[in-house]
Amino acid sequence: MDKNLINGCVDIGGTDMYYVAFGTGKKKVVMLPGLSDGLATVKGKARILVLPYKKYLNDYTVYMFSRKNKMPEGYSIRDMADDQVQVMKKLGIEKAYVCGVSQGGMIAQCIAIYHPEVIEKLVLAVTAPYANEVARSAVSGWIRMAEENDHKTLMVDTADKTYSEKYLAKNRKYFPLISKFTKPSSYERFFRNAEAILCFDVRKELSRIIAPTFIIAGEDDKTVGNEAVVELKEGIADSGVYVYKGLGHGAFEEAKDFYDRIFVYFNGNL
């Protein structure tokens, strides 16, 4: 494997946390994925996950983290943030550019609120400051599907609530097939992650975020709703916003300029 691609693991709280890293740059970027991490971690996937970042890796070293492998009952988004900061420090990441997507954006909000010293700049993508009605309905439905062991319906419904109609029209036929190869041996991590979302609410604490913040959303988000971006903007002083027209929760996958937009912001050119 390329020496600049790392498939790593860090001990944390009696268990461990997988991460991947790539690049040689002095600037550190921490990427935090969404609820899908509860179904499949980043373990061993550096060679695949590096692809969107290749053009930035002379200036940056990018780390992408999963949640820790064993999560106790009642494990909260704030607990995830606390553990994430602990792992960052173990890896010598004293300060980083942090981007959180969906549930990862919720964790990133808690890092910014409770550990402001570790954030250089913050990007919050397709996320929300609390489990609003749209998010609660989506996540509760997914929990029920997992409890019923109906992975096919879980994958199809997740796709329906993530992607644009144009994308779905082209790819919907593949989701049932994909579901056959993505079912986890246990849904325990998924349940812990999903339950943490349902308990999440930092609306009263958003004003404590002092890091320069850029918010990215899709105009038709069926997972966290369309008001979430407004609430984040109003709650975080001097934050910037970009909303992708015609896209929803899957803007981070569908928008060809998603990563360019993030790194332009990190570079101070936005």
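Along the sequence shown, residues carry numbers from 1.
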If you define the side chain from C-beta out and look only at heavy atoms, does anything of [X] sit under 4.5 Å from [Y]?
X	Y	value
R172	Y163	no
V101	V126	yes
I216	F252	no
R67	I107	yes
E219	N226	no
C110	V202	yes

Applying a strict under-4.5 Å side-chain criterion to I, L, V, M, F, W and Y, I'd like to know whether [X] and [Y] cluster together.
X	Y	value
V118	I210	no
L247	Y167	no
L154	V134	no
V20	L57	yes
I178	V156	yes

If you round to the nearest 0.5 Å, how far is [atom2] of [Y] from [atom1] of [X]?
X	Y	atom1	atom2	answer
F190	L35	CZ	CG	4.5 Å
D82	Y114	CG	OH	9.0 Å
K89	E94	NZ	CD	6.5 Å
L122	F266	CG	CZ	8.0 Å
M80	M71	CE	CE	5.5 Å
S66	Q84	OG	CD	9.5 Å

Over all atoms of both residues, closest heavy-atom pair of [X] and [Y]:
X	Y	answer
A108	L32	N-CD1, 4.1 Å
V224	T127	CG2-O, 3.9 Å
M88	A96	CE-CB, 4.2 Å
P33	M64	CD-CG, 4.4 Å
I215	K233	CD1-N, 3.6 Å
A251	Y244	CB-CD1, 3.8 Å

Give a yes or no on whether the backbone of [Y] and the side-chain of [X] come within a donor-acceptor separation of less than 3.5 Å.
X	Y	answer
Q109	G105	yes
T223	D221	no
E254	S164	yes
R203	E231	no
N7	K45	yes
Y187	G38	no
N69	D16	yes
D160	D157	no
N4	T24	no
T162	G250	no

**Q.** Step-by-step side-chain contact (heavy atoms from CB on, under 4.5 Å) determination, M155 to T182
**A.** CA-CA 9 Å; M155 291 295 96; T182 59; 3.8 Å; yes
Just checking [X]: does its [atom1] atom have more than 12 heavy atoms from other residues, nucleotides or ligands closer to it than 6.0 angstrom?
X	atom1	answer
D257	CG	yes
K90	NZ	yes
I48	CD1	no
E73	CD	no
E147	CD	yes

Q) If you measure only the distance, is there a donor-acceptor pair under 3.5 Å linking the side chains of Y56 and D260? A) yes
Q) Can you check salt bridge (charged side-chain N to carboxylate O under 4.0 Å, His left out) on D150 and R144, steps first, answer last? A) CA-CA 9 Å; D150 189 351; R144 184 179 65 256; over 6 Å; no
Q: Let me see the working for D37 and Q103 under side-chain contact (heavy atoms from CB on, under 4.5 Å), right down to the final yes or no.
A: CA-CA 9 Å; D37 188 70; Q103 184 183 20; over 6 Å; no
(Q) For a side-chain contact (heavy atoms from CB on, under 4.5 Å) check, start with the C-alpha distance between L91 and F65, then their side-chain angles and the critical distance, and finish with the verdict. (A) CA-CA 12 Å; L91 292 174; F65 292 91; 3.7 Å; yes
(Q) Under 6.0 Å from the ring centre and within 45 degrees of the ring axis: does the NZ or CZ of K121 meet both conditions for the six-membered ring of Y265? (A) yes
Q | For Y130, ring pair (Phe, Tyr, Trp, His ring centres under 6.0 Å) partners two or more places apart | A |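 Y130 satisfies ring pair (Phe, Tyr, Trp, His ring centres under 6.0 Å) with no other residue.
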Q: Could you check Y97 against V123 for side-chain contact (heavy atoms from CB on, under 4.5 Å), going step by step and ending with a plain yes or no?
A: CA-CA 8 Å; Y97 298 84; V123 173; over 6 Å; no
Q. Pick one: which of K70, R78, K68 meets salt bridge (charged side-chain N to carboxylate O under 4.0 Å, His left out) with D83?
A. K68
Q. Going through the distances and angles, do Y60 and N267 end up as a side chain to side chain donor-acceptor pair (under 3.5 Å)?
A. CA-CA 10 Å; Y60 293 89; N267 284 332; 2.6 Å; yes
Q. Hey, would you say the Y53 and Y259 ring centroids sit under 6.0 Å apart?
A. yes
